[in-house]
Amino acid sequence: MVLDSHSHCGLTVPFSDLESEWHEGEIRGGVVFSPVEEIYDRYDPSFVDSEEYRRSRSRVHEYLMQIAERDHLFPYFFVWNDFPPIPQGFRGIKWHRHPSEPVYAYGTPACDRIIDEICSRKLPIVLEEEFANTLEFLSMVKERTVVIIPHMGGLNGGYQQLQKAGVFDSPAVWADTALAHGWEIADFAGRYGTDRILFGSDHPFGVPSREKRKIESLFSGADLAAILSGNLLKLLGCG
């Protein structure tokens with residue numbers, strides 16, 4: 001069985017599109033979280049939250065819970081600055097921004113509260129942030145739950161910078177392979193093993209079948225099985 005640990009799905013990227021891509025790649029299911037545009041205005045660095053975006057976040061999270069009634073679908077909750085309690089049924093967290101995008105309200109009581117809630121519930125966090133903020137976020141989590149660095153760190157400052165900073169030395173820091181270079185994935189496996197690597201596609205930005213073939217070209221046997229689904233199932237308590 002193959003499971004995709006990194007895919008965007010929502011009202012603007014419907015599940016039917018993702019399901020078709022998964023079928024092409026013989027992928028059984030995986031993690032789904034909202035496209036960014038349904039959470040905040042990423043093109044406005046001074047973005048102020050609005051009722052329109054609060055409704056948008058509510059709609060897309062309801063949509064994810066509805067499709068997650070299917071087998072082998074795991075919805076992740078995309079946190080933004082309203083920091084609401086995480087509804088039951090979500091299996092993990094998406095925490096995301098890029099340079100020049102609106103910033104999280106770090107250091108506020110609401111932000112501290114939701115991080116504590118996430119950690120107490122042991123929800124894994126897919127963290128995509130600037131390098132300095134990545135280090136600060138990890139210091140706030142303090143290994144209380146698993147943090148997954150997407151793209152082998154490609155948008156968190158780069159794999160090599162994170163590796164040199166010792167980020168991946170922590171057993172609580174995992175990585176996904178979505179759109180990462182083969183040499184980065186191989187280097188991570190050589191240094192830290194394969195039990196913290198998750199296969200991901202980054203649909204619709206990546207092609208699931210192509211990303212799967214990349215992993216199949218690098219690994220075989222038990223390592224391949226772990227990366228393609230075993231590690232995710234273990235992380236989510238499904239195997």
Side-chain angles (χ1 to χ4, degrees), residues 6-14 17-18 31-65 75-87 90 92-119 123-142 144-145 147-162 165 167 173 175-176 178-180 200 202-206:
H6 186 139
S7 58
H8 300 270
C9 181
L11 301 175
T12 59
V13 184
D17 292 353
L18 174 60
V31 169
V32 287
F33 39 71
S34 172
V36 177
E37 61 266 22
E38 299 190 45
I39 303 298
Y40 63 86
D41 184 352
R42 68 187 310 175
Y43 302 107
D44 180 5
S46 58
F47 168 72
V48 176
D49 203 9
S50 66
E51 184 59 32
E52 175 187 2
Y53 271 96
R54 285 189 285 273
R55 287 196 299 267
S56 176
R57 291 193 292 271
S58 178
R59 285 193 299 266
V60 72
H61 285 133
E62 288 175 4
Y63 177 79
L64 293 178
M65 289 302 294
Y76 280 25
F77 190 86
F78 199 136
V79 170
W80 190 238
N81 275 337
D82 52 342
F83 298 126
I86 311 301
F90 284 92
I93 299 298
K94 175 69 167 173
W95 194 290
H96 170 286
R97 64 170 293 275
H98 292 166
S100 80
E101 292 186 359
V103 298
Y104 280 99
Y106 293 117
T108 63
C111 183
D112 293 341
R113 178 200 59 77
I114 202 167
I115 290 175
D116 286 344
E117 177 190 348
I118 292 166
C119 292
L123 296 172
I125 306 165
V126 178
L127 173 66
E128 193 165 317
E129 252 284 18
E130 296 181 69
F131 178 69
N133 288 346
T134 295
L135 299 184
E136 180 62 25
F137 190 92
L138 291 171
S139 73
M140 290 187 288
V141 170
K142 298 176 182 176
R144 290 178 291 164
T145 194
V147 175
I148 302 158
I149 305 296
H151 315 295
M152 285 284 157
L155 294 171
N156 292 65
Y159 172 74
Q160 288 182 308
Q161 184 168 213
L162 293 172
V167 165
V173 176
D176 80 39
L179 299 178
D202 198 22
H203 170 83
F205 306 102

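Everything quoted here is computed from the prediction, not taken from an experiment.
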Below 3.5 Å, can you tabulate the donor-acceptor pairs from side chains in residues 77-87 to any protein atom, sequence neighbours excluded?
unit_1	atom_1	unit_2	atom_2	d
Asn81	OD1	Ala105	N	2.9
Asn81	ND2	Val103	O	2.9
Asp82	OD2	Arg57	NH2	3.3

Next item on the list: Say whether, by atom type as modelled, one donor and one acceptor occur between the side chain of Tyr63 and the main chain of Ser58 under 3.5 angstrom.
Entry: no

Margin query: Show, in sequence, the C-alpha distance, side-chain angles and deciding distance for Leu64 and Cys9, and conclude whether the side-chain contact (heavy atoms from CB on, under 4.5 Å) test is met.
Written below: CA-CA 8 Å; Leu64 293 178; Cys9 181; 4.3 Å; yes

Check: Going from NZ on Lys142 to SG on Cys119, what distance comes out if it is rounded to the nearest 0.5 angstrom?
Finding: 10.0 Å

Check: What do you reckon, are the aromatic ring centroids of His151 and His6 less than 6.0 Å apart?
Finding: yes

Margin query: Which residue in the set Val147, Asn133, Val126, Ile114 passes side chain to side chain contact (heavy atoms under 4.5 Å, CB included) when paired with Trp95?
Written below: Ile114

Item checked: Heavy-atom check, side chain of Arg42 versus side chain of His98, under 4.5 Å -> yes

Item checked: Test log, rule ring pair (Phe, Tyr, Trp, His ring centres under 6.0 Å), inputs Phe33 and His96 -> CA-CA 11 Å; Phe33 39 71; His96 170 286; 8.7 Å; no

Margin query: On a heavy-atom basis, which atom in Tyr106 and which in Met140 lie closest, and how many Å separate them?
Written below: CD2-CE, 3.6 Å

Note to self: Please determine whether a side-chain nitrogen of the Lys or Arg among Glu128 and Lys94 lies less than 4.0 Å from a carboxylate oxygen of the Asp or Glu.
What the structure shows: yes

Check: Would a line drawn from the ring center of Tyr53 to the ring center of Phe47 be shorter than 6.0 Å?
Finding: yes

Notebook entry, point to check: Got a donor-acceptor contact below 3.5 angstrom from the Thr134 side chain to the Glu130 backbone?
Noted result: yes

Notebook entry, point to check: How far apart are the C-alpha atoms of Tyr43 and Glu101, what are their side-chain angles, what is the distance that settles it, and do they pass the side-chain contact (heavy atoms from CB on, under 4.5 Å) test?
Noted result: CA-CA 6 Å; Tyr43 302 107; Glu101 292 186 359; over 6 Å; no

Item checked: Where Pro150 and Asn156 come nearest, the two heavy atoms and their spacing -> CD-OD1, 3.9 Å

Notebook entry, point to check: Got a donor-acceptor contact below 3.5 angstrom from the Ser56 side chain to the Glu38 backbone?
Noted result: yes

Check: Is Arg54 salt-bridged to Glu51, cutoff N-O under 4.0 Å?
Finding: yes

Note to self: Less than 6.0 angstrom separating the ring centers of Phe90 and His61, yes or no?
What the structure shows: yes

Notebook entry, point to check: Can you name the nearest heavy-atom pair linking Leu18 to Ser7, along with the distance?
Noted result: CD2-OG, 3.7 Å

Notebook entry, point to check: For Pro35 and Val13, which heavy atoms make the closest approach, and how far apart are they?
Noted result: CG-CG2, 3.7 Å

Check: What's the shortest heavy-atom distance between Glu37 and Thr12, and which atoms?
Finding: OE2-OG1, 3.1 Å

Next item on the list: To the nearest 0.5 angstrom, please state how far the CZ atom of Arg97 sits from the CG atom of Leu155.
Entry: 12.0 Å

Next item on the list: Provide the closest heavy-atom pair for Phe131 versus Gly157 in the form atom of the first, atom of the second, distance.
Entry: CB-CA, 4.0 Å

Item checked: Atom pair CG/NE2 of Asp17 and His8 - distance to nearest 0.5 Å -> 14.0 Å

Checklist line | Verdict with supporting geometry, Met152 and Asp176, side-chain contact (heavy atoms from CB on, under 4.5 Å) | finding: CA-CA 6 Å; Met152 285 284 157; Asp176 80 39; over 6 Å; no

Next item on the list: Could you walk me through whether Phe137 and Ile115 pass side-chain contact (heavy atoms from CB on, under 4.5 Å), step by step?
Entry: CA-CA 9 Å; Phe137 190 92; Ile115 290 175; 4.1 Å; yes

Margin query: Using a 3.5 Å distance criterion without hydrogens, assess whether the side chain of Thr145 forms a donor-acceptor pair with backbone atoms of Leu123.
Written below: yes

